> 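The structure is given below, and queries will be raised subsequently.
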Amino acid sequence: LHEEEIKRLFSDFLQRKSGIVGHGLKKIVRSLLWENYSPPNIYMDTQIAVYLLNPAEASYALPSLVTQYGERNFTIGEKTEEGQLDLDGGPQIAQMEAAQEALCASVLVEPLQRAIEEQNLMDLNNEIEIPLIIVLAEMEYLGIKVDLARLTGLRDELKNEVEEIRKIIHELAGEEFNINSPKQLQVVLFENLGLKPGKKTKTGYSTNAQTLEKMKDDHPVINHLLKYREVEKLRSTYGEGLLAVVGEGERIRATFHQTVTRTGRLSSDAPNLHNIPVRTDKGKVFREAFIAKEDWALLVADYNQIELRCIAHLSGDSGLIQAFEAGEDIHTSTAAQVFGVSPSAVSKAQRERAKMVSYGLIYGMEAWGLAQRLGIGNKEAASILNSYFGAFPSVKDYMESTVQIAKERGYTETLFGRRRRIPELSSPNAMTRSLGERQAMNAGIQGLAADIFKIALVNLNHKLKEKKMASRIVLQVHDEVILECPKEEISEAEEVTIEIMGSAFAMSVPLAVNISSGITWSEAK
DNA sequence: GCATGATGC
DNA sequence: AGCATCATGC
């Protein structure tokens with residue numbers, strides 16, 4: 001057979017109507033894209049199927065999955081302690097491994113398919129997760145372009161700044177020590193300088209930013225320490241870290257994991273592009289280093305308050321739904337209802353509190369946690385909580401019934417049927433049980449937002465191809481999608497993106513989308 | 001490997 | 001306070 005003919009046969013196999021099966025197919029799809037093949041037709045990814053059945057699965061190593069789900073005795077080769085296939089080291093190890101993986105996956109298909117059907121996970125699997133494999137593989141393959149000179153400049157500036165702050169700190173402390181070592185820092189602060197410690201950690205006194213913030217007035221070194229932490233984080237993680245992973249075409253290619261989180265969200269690593277700084281002025285300049293290629297632009301679209309909108313939809317609370325339909329600032333509207341004043345009379349402090357309470361809600365709020373966060377007493381927190389649930393009674397009902405159902409079943413379910421087992425709910429330990437309750441409340445909210453966002457990604461990628469547009473998705477960050485577009489295509493891409501994201505799922509509140517464009521990620525905000 | 005502390009949504 | 005990843009120290 002000639003190479004061309006082999007390629008054609010292989011293409012036919014990849015496109016076969018019945019679809020292909022594999023374990024962790026995204027990696028294979030990515031390789032195919034590098035070799036100029038079209039994305040395959042996928043029947044099942046056994047790794048994703050297992051994830052849907054149990055997002056808390058300890059390991060996705062095939063031998064253990066075959067034992068667990070394979071419904072038959074099935075061993076090949078020897079299992080190492082790591083649960084990997086152990087081969088005897090012949091010259092064709094890669095081929096043998098591939099063959100064994102394929103065999104394992106094929107053994108898993110039937111039982112997994114049955115389990116997926118039994119648990120009503122078919123739609124999630126076939127309509128969302130499997131199509132998403134291709135979308136993510138294409139994003140990983142493309143990567144996002146960076147301004148190498150800018151990134152290098154930032155790294156160098158930060159390096160100098162860290163060094164300057166280090167000297168100041170050592171001078172003020174009266175000794176040289178490793179500032180990066182919390183252990184050494186504890187000795188310097190709480191023994192040698194005799195400062196009053198605040199919170200404790202498992203191993204000693206806390207030196208985190210929140211604690212140091214409270215000690216600001218006690219010693220001049222504290223402010224420098226806070227600055228050092230900030231700048232050193234930026235230097236190491238974003239300066240050095242990002243430069244180290246710049247690849248072909250001055251582009252950064254992260255891996256987006258589809259089977260990591262308990263809630264259905266994606267995760268990103270090597271590098272993590274989900275936590276590029278945005279909050280502080282010093283940090284957000286890194287977003288200026290993420291750019292579009294020559295004569296193209298970046299288009300950034302994100303959902304406005306999608307998780308709170310999910311709560312409004314799930315609870316059906318008329319007050320919260322009205323607050324969103326009014327289209328005004330949601331935290332101001334919420335504050336008005338909670339504190340019983342008109343929206344125009346809401347103070348900054350009241351808006352801030354309402355915002356905190358809303359976030360608390362997403363996290364499965366309890367009075368104790370809210371008190372910690374707001375730095376207030378338990379009683380006051382409980383009273384704020386009371387007013388909130390007074391204003392939005394159906395939200396309270398929803399939270400209570402969510403926990404109740406989760407306790408009965410042992411797992412939560414999103415609106416799309418995504419399951420998450422929460423064994424903490426039946427723990428004899430009260431603190432663990434409370435954690436389980438918060439997880440149960442959060443899972444349905446964070447999970448629904450994740451499901452909606454995944455639908456939007458799949459639909460958007462499909463629409464761009466259908467319209468034969470050159471614009472392509474290059475990055476996503478939980479509720480935000482970034483496209484790289486030829487400049488002449490921007491307005492069309494904006495239109496398409498807003499339409500697709502806004503209509504990903506019909507809810508009892510609108511799905512509002514913010515959108516903007518620019519040459520850099522920072523500019524498109 | 002775990003702990004701490006930073007970043008994001 | 002829910003969900004993550006990374007750098008660093010020990």
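Chain letters run A, B, ... following the sequence lines, proteins first, then strands; residues in each count from 1. Everything numeric in this text was worked out from a predicted model, so none of it was measured.
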> Consider the side chain of L370(A), meaning its heavy atoms from C-beta on, and name the nucleotide among dG5(B), dG2(C), dA1(C) that approaches it most closely.
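Closest of the options to the side chain of L370(A): dA1(C).
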> Do T334(A) and Y388(A) have side chains that get closer than 4.5 Å, going by heavy atoms?
yes
> Rounded to whole Å, how long is the line connecting atom OH of Y359(A) with atom P of dA1(C)?
17 Å
> S236(A) has a side chain; which of dC3(C), dT7(B), dA7(C) sits nearest to it?
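Closest nucleotide among those given: dA7(C).
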> Using a 4.0 Å heavy-atom cut-off across all strands, classify Q439(A) as base, sugar-phosphate, or nothing.
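Sugar-phosphate only.
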> Tell me which nucleotide among dG5(B), dT7(B), dG9(C) gets nearest to the side chain of N178(A).
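Taking heavy atoms from C-beta onward, the closest nucleotide is dG9(C).
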> I'd like to know whether K26(A) forms a salt bridge (Lys or Arg N to Asp or Glu O under 4.0 Å) with E140(A), so could you lay out the CA-CA distance, the side-chain angles of the two residues, the decisive distance to 0.1 Å, and finally the verdict.
CA-CA 9 Å; K26(A) 176 159 60 61; E140(A) 292 178 0; 2.6 Å; yes
> Can you tell whether the side chains of E307(A) and R265(A) come within less than 4.0 Å, N to carboxylate O?
yes
> Looking at every strand, decide which applies to R229(A) at a 4.0 Å heavy-atom threshold: base, sugar-phosphate, or nothing.
sugar-phosphate
> Under the 5.5 Å and 30° test, is Y363(A) stacked on the base of dG2(C)?
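The ring of Y363(A) is stacked on dG2(C).
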> Could you check whether E213(A) pairs with K216(A) (Lys NZ or Arg NE/NH1/NH2 to Asp/Glu carboxylate O, under 4.0 Å)?
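Salt bridge between E213(A) and K216(A), a charged N being under 4.0 Å from a carboxylate O: yes.
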> Whether E129(A) and K454(A) form a salt bridge (side-chain N of Lys/Arg under 4.0 Å from carboxylate O of Asp/Glu) is what I want to check.
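Counted as a salt bridge, because a side-chain N and a carboxylate O are separated by less than 4.0 Å.
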> When you measure from the side chain of Y238(A), which nucleotide among dC9(B), dT7(B), dT4(B) comes out closest?
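Taking heavy atoms from C-beta onward, the closest nucleotide is dT7(B).
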> So does T237(A) get a side-chain nitrogen or oxygen closer than 4.0 Å to the phosphate oxygens (OP1/OP2) of dA6(B)?
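T237(A) to dA6(B) OP1/OP2: no side-chain N or O under 4.0 Å.
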> Where along residues 180-188 of chain A does a heavy atom fall under 4.0 Å from DNA chain C?
N180(A), S181(A), K183(A), Q184(A)
> Over all strands shown, is G360(A) touching base, sugar-phosphate only, or nothing at heavy-atom distances under 4.0 angstrom?
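Base contact.
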> Whole angstroms only, please: what is the NZ-P distance between K202(A) and dC2(B)?
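Result: 10 Å.
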> Per the side chain to side chain contact (heavy atoms under 4.5 Å, CB included) rule, which among I276(A), V474(A), D147(A), I482(A) passes with F290(A)?
I276(A)
> Is the closest basic N to carboxylate O distance between D451(A) and R418(A) below 4.0 Å?
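Between R418(A) and D451(A) there is a salt bridge, with a charged N closer than 4.0 Å to a carboxylate O.
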> Taking the side chain as every heavy atom from C-beta outward, state whether R253(A) and E248(A) have any pair of such atoms under 4.5 Å apart.
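A side-chain contact exists here, since the closest heavy-atom pair is under 4.5 Å.
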> In whole Å, I'd like the distance from the CG atom of L212(A) to the C1' atom of dA6(B).
12 Å
> From NE2 of H478(A) over to P of dC9(B), roughly how many Å is that when rounded to an integer?
8 Å
> Which nucleotide in the set dA6(B), dT4(B), dA1(C) lies at the smallest distance from any side-chain heavy atom of A209(A)?
dA6(B)
> Apply salt bridge (Lys or Arg N to Asp or Glu O under 4.0 Å) to the pair E424(A) and R433(A), showing each step before the final yes or no.
CA-CA 5 Å; E424(A) 287 86 350; R433(A) 245 180 1 254; over 6 Å; no
> Nearest 0.5 Å please: distance from the CG atom of L511(A) over to the CZ atom of F505(A).
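Nearest 0.5 Å value for the CG-CZ distance: 8.5 Å.
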> Atom CZ of R287(A) to atom C1' of dG8(B): distance rounded to whole Å?
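That distance rounds to 8 Å.
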> Provide, to the nearest angstrom, the distance between the CD atom belonging to E307(A) and the C1' atom belonging to dC3(C).
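Between C1' of dC3(C) and CD of E307(A): 9 Å.
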> Within this structure, what is the NZ-to-P distance between K355(A) and dC9(B), rounded to whole angstrom?
11 Å
> Under 4.0 Å, heavy atom to any atom of DNA chain C: which of residues 265-283 of chain A qualify?
R265(A), S267(A), S268(A), D269(A), A270(A), N272(A), N275(A)
> Please give, in whole Å, the distance from dT8(C) C1' to F177(A) CZ?
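It is 15 Å, rounded to the nearest whole Å.
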